[in-house]
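Note on naming: letters A, B, ... go to the chains in the order of the sequence lines (proteins, then strands), and numbering restarts at 1 for each one. The analysis underlying the following values was restricted to heavy atoms, covering all of them including side chains, and did not include hydrogens, waters or symmetry mates.
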Amino acid sequence: MSADAPLATPVNLTEAAGGPGTSRSAPTSSPAKKSPGAKRAWGAVKGLFFIAALPVILVLIWYISTAVGEKNFFVPTPALLVETFFETWTGDRITTDVIPSLTRLLFGIAGSIIIGIVGGLLIGSVRWLRALTEPTLEFFRAIPPTVLIPVLMLLIGIGDDMKVAVIISGALWPILLNTIEGVRSMDEVLADTTHTYGITGFNRVRYLILPSAMPQIMAGIRQSLSIALILMVISEMFAASSGLGFTIVQFQRSFAIPEMWSGIVLLGIIGVIMSFIFQLIERNVLRWYHGLREIENAA
Amino acid sequence: MTESTPSTGAPGHHGPGGSGDTHRESEIERLHRLESSSGSDRRRGDTRRHTDAATVAGLDIPTRPDPAAPRTSVAQSGVTGRPTSSGPSRATRKPRRNWGTKSLGLVGLLGFLVIWEVLPRTGIVNPTFLPPASAAIADLFRNFGLTAFWQAVGDTMWQWLLGMLIACISATVLGFLIGSSTFLRRFTNSTIEFMRPVPSVALIPLAVLLFGVEIESALLLIVYASFWQVLIQVLYGVADVDNVAMNTARSYGLGPLARLRYVIFPTALPYLMTGVRLASAVALILAITAQLIIGNPGLGAEIAKAQSGGSYVAMYALILATGLLGVLINLVMRMIERKVLSWHSSVRTEVAK
């Protein structure tokens with residue numbers, strides 16, 4: 001193993017660096033070089049460099065291409081954008097647009113998670129029900145969720161209900177189908193064991209089915225989050241008198257370019273924060289699972 | 001920090017050589033029992049099958065030692081990619097169960113249509129807003145004879161195809177480039193992680209402002225959304241290259257290009273295909289969304305027109321059409337994936353029975 005270490009250095013470094021996709025489990029051990037403080041400080045500086053360098057360069061390019069020379073109509077300078085951002089989104093708009101949007105988003109996500117998990121547990125544990133519903137569910141998943149907005153507008157109206165319903169109608173499927181799959185791919189030995197020990201009903205769901213389906217469920221929720229955010233914005237662009245999507249389109253129609261950009265940035269920040277919160281939650285919920293995997297891989 | 005990197009999240013680092021048969025056997029058993037317990041798969045949900053198999057790409061250990069396990073439908077096997085149960089007793093029962101599952105699924109679809117038919121007919125839901133299923137389906141079939149409908153489908157698919165091509169090619173090239181350099185990988189990590197969750201629909205106002213209803217505005221959204229899907233998977237795939245295979249290639253004097261072609265590319269291909277498949281679904285969603293909101297020509301624009309014009313039957317028919325298109329794209333992508341990866345152990349074990 002150690003013999004081919006020198007040869008393999010580039011590959012190993014690549015792995016140790018932890019690609020973007022591996023960031024979930026990497027931070028636990030990758031920076032842990034057993035070396036004195038000076039080296040660690042150097043490592044921290046290097047880490048900071050790698051985190052900040054490219055964003056700084058990009059902002060610089062942006063600055064140079066907009067601030068130097070003649071004024072660009074479509075792209076504001078970084079300074080103007082930052083200024084506009086705080087001006088636009090720290091006043092009344094928080095209560096009139098941001099909070100309502102986020103509330104709908106939250107209700108939509110909560111609704112899809114609850115319906116998805118409960119429905120998934122039910123469909124996943126009953127074999128004939130699964131066979132009966134699976135093609136239909138797959139079809140619903142294949143429909144681009146945004147086309148359901150006109151339908152739900154007709155059936156429910158254009159209130160907040162509609163927006164929450166739209167979010168649920170799109171974000172539900174990944175969770176539902178993944179839960180079904182998670183229940184289905186349960187470890188059979190564990191299932192038999194619980195059966196032998198006479199664990200049934202609620203306890204079976206709580207201690208066997210739910211934990212073994214959890215990794216899959218979390219994967220579904222991860223997909224759903226981005227869909228939910230998209231649908232929140234789209235449903236507000238389609239028919240609303242408040243909310244982020246509505247406001248941003250208003251800015252665009254009135255050619256308030258810096259304001260429009262600040263809205264885009266805000267949506268981006270919301271997306272990033274959501275993904276960050278989700279990673280935190282997932283790491284906690286699935287701690288046992290990642291631990292198990294690490295042991296398995298180390299073995 | 002060189003060899004033992006269990007924390008990388010790269011699935012199944014089972015030692016660099018499968019030293020000895022006993023080790024290999026226990027490996028097979030463990031892989032089977034734990035199915036594809038690699039974090040990457042679990043996280044992405046849908047990508048399980050290939051990441052699981054890619055684990056052993058270099059070593060060619062059969063990931064799925066039970067090729068005879070029931071594999072019901074394409075739709076199902078896609079999500080699952082994994083047999084539910086093992087043992088020969090299952091295998092003998094397979095055909096019957098298969099048929100039972102299929103016909104039950106058909107019954108389910110029919111049941112859904114019946115409910116859709118009954119709800120408006122009995123007046124539980126206003127039939128103006130929800131026309132019965134038969135009306136919508138009849139209208140859909142009428143559409144099949146219309147040039148305008150196929151024109152809309154063609155527009156949609158053209159945008160989809162163009163967007164997919166741009167996104168896939170650029171993401172693949174960039175992915176291999178970034179993935180093969182440690183420095184670039186670390187250098188771009190924070191930016192990629194920040195840009196990825198940004199919802200592509202946030203760009204709608206910008207797209208409208210820059211391009212109006214030209215095809216570029218739809219392409220901007222489609223490319224932005226699908227690009228990340230592919231890029232992340234390629235980065236993952238390139239990181240998953242087997243050390244032993246790489247070192248062997250080096251020892252045999254393969255140059256960088258040959259290594260790329262014969263070692264890195266085959267390892268990353270299953271990941272790439274997964275990325276492309278995920279991107280194809282996302283691209284369709286965004287193509288339709290762009291048409292619906294911005295008004296680029298296509299099915300989405302037709303839906304918006306039908307809705308604002310009050311011809312609700314046509315609207316439902318078009319929505320059914322988008323669903324069928326989604327199913328079709330999914331099936332075709334799976335077929336391509338299977339063809340392209342026919343050499344791969346995950347597909348081989350699936351076919352050989």
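- Residue with the most contacts toward chain A among B:Ile285, B:Ile319, B:Thr322, B:Leu209: B:Leu209 (heavy-atom pairs, distance under 4.5 Å).
- Of all heavy-atom pairs between B:Tyr316 and B:Leu130, the closest is OH-CD1, 3.5 Å.
- Counting only heavy atoms from C-beta outward, the side chains of B:Ile178 and B:Phe187 never approach each other to under 4.5 Å.
- Looking at A:Leu58, the atoms closer than 4.5 Å to chain B (heavy atoms on both sides) all sit in the side chain, from C-beta outward.
- For B:Leu292, the parts lying near chain A are the backbone and the side chain together; criterion is any non-hydrogen pair under 4.5 Å.
- Heavy-atom distances place the side chain of B:Phe112, and not its backbone, under 4.5 Å from chain A.
- Among the candidates A:Thr133, A:Val249, A:Thr136, A:Ile143, the residue making the largest number of heavy-atom pairs closer than 4.5 Å to chain B is A:Thr136.
- Only the side chain of A:Ile57 comes within less than 4.5 Å of a heavy atom of chain B; its backbone N, CA, C and O stay farther away.
- Contact tally against chain B (heavy-atom pairs below 4.5 Å) for A:Ile234, A:Thr146, A:Leu154: the top residue is A:Leu154.
- Contact annotation for A:Met274: neither backbone nor side-chain heavy atoms come within less than 4.5 Å of a heavy atom of chain B.
- The CZ atom of A:Arg253 sits 13.0 Å away from the CE atom of A:Met260 when rounded to the nearest 0.5 Å.
- Proximity to chain A involves both the backbone and the side chain of B:Leu206, based on heavy atoms less than 4.5 angstrom apart.
- In this structure, the portion of A:Trp261 lying under 4.5 Å from any heavy atom of chain B is its side chain and not its backbone.
- The shortest distance between side-chain heavy atoms of B:Ile303 and A:Pro150 falls below 4.5 Å.
- Residue B:Leu324 touches chain A through both its backbone and its side chain, counting heavy-atom pairs closer than 4.5 Å.
- Looking only at heavy-atom pairs under 4.5 Å with chain A, the residue among B:Leu231, B:Ile204, B:Leu284, B:Leu328 that has the most is B:Ile204.
- Listed options B:Thr128, B:Ile293, B:Val107 were ranked by heavy-atom pairs under 4.5 angstrom with chain A; first place goes to B:Ile293.
- Side-chain contact between B:Asn189 and A:Phe50 is absent, with no heavy-atom pair separated by less than 4.5 Å.
- Under the 3.5 Å distance criterion, the side-chain polar atoms of B:Thr156 are matched with a main-chain donor or acceptor of B:Leu299.
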Given side chain to side chain contact (heavy atoms under 4.5 Å, CB included), test A:Gln223 with A:Trp173 step by step and report yes or no. CA-CA 10 Å; A:Gln223 287 178 11; A:Trp173 310 111; over 6 Å; no

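- Heavy atoms of A:Ile227 lying under 4.5 Å from chain B are absent altogether.
- Comparing B:Ile329, B:Val198, B:Leu318 by how many heavy-atom pairs each has under 4.5 Å with chain A, the most go to B:Val198.
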Inset, instruction - Start with the C-alpha gap between B:Leu235 and B:Tyr271, add the side-chain angles, then the distance that decides, and say whether side chain to side chain contact (heavy atoms under 4.5 Å, CB included) holds. - result: CA-CA 9 Å; B:Leu235 283 178; B:Tyr271 290 87; over 6 Å; no

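- Here the side chain of B:Tyr312 pairs no donor or acceptor atom with the backbone of A:Val151 at under 3.5 angstrom.
- Heavy atoms closer than 4.5 Å to chain B are found in the side chain of A:Val233, but not in its backbone.
- Residue contact with chain B, scored on non-hydrogen atoms closer than 4.5 Å, involves the side chain of A:Phe49 exclusively.
- Residue A:Phe276 qualifies as open at atom CZ: its count of foreign heavy atoms under 6.0 Å is 12 or below.
- A 4.5 Å side-chain heavy-atom check between B:Glu193 and A:Ser275 finds every atom pair outside the cut-off.
- Under the 3.5 Å distance criterion, the side-chain polar atoms of B:Trp116 are matched with a main-chain donor or acceptor of B:Pro131.
- For B:Val125, the part lying under 4.5 angstrom from a heavy atom of chain A is the side chain only.
- For chain B, the nearby part of A:Phe255 is the side chain; its heavy atoms alone come within less than 4.5 Å.
- For B:Phe183, the parts lying under 4.5 angstrom from a heavy atom of chain A are both the backbone and the side chain.
- The parts of B:Leu320 that come within reach of chain A are both its backbone and its side chain, each placing non-hydrogen atoms under 4.5 angstrom from that chain.
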Next item on the list: Decide side chain to side chain contact (heavy atoms under 4.5 Å, CB included) for B:Thr267 and B:Asp242; before the verdict, give the C-alpha distance in whole Å, the side-chain angles of both, and the deciding distance to 0.1 Å.
Entry: CA-CA 8 Å; B:Thr267 311; B:Asp242 188 82; 5.9 Å; no

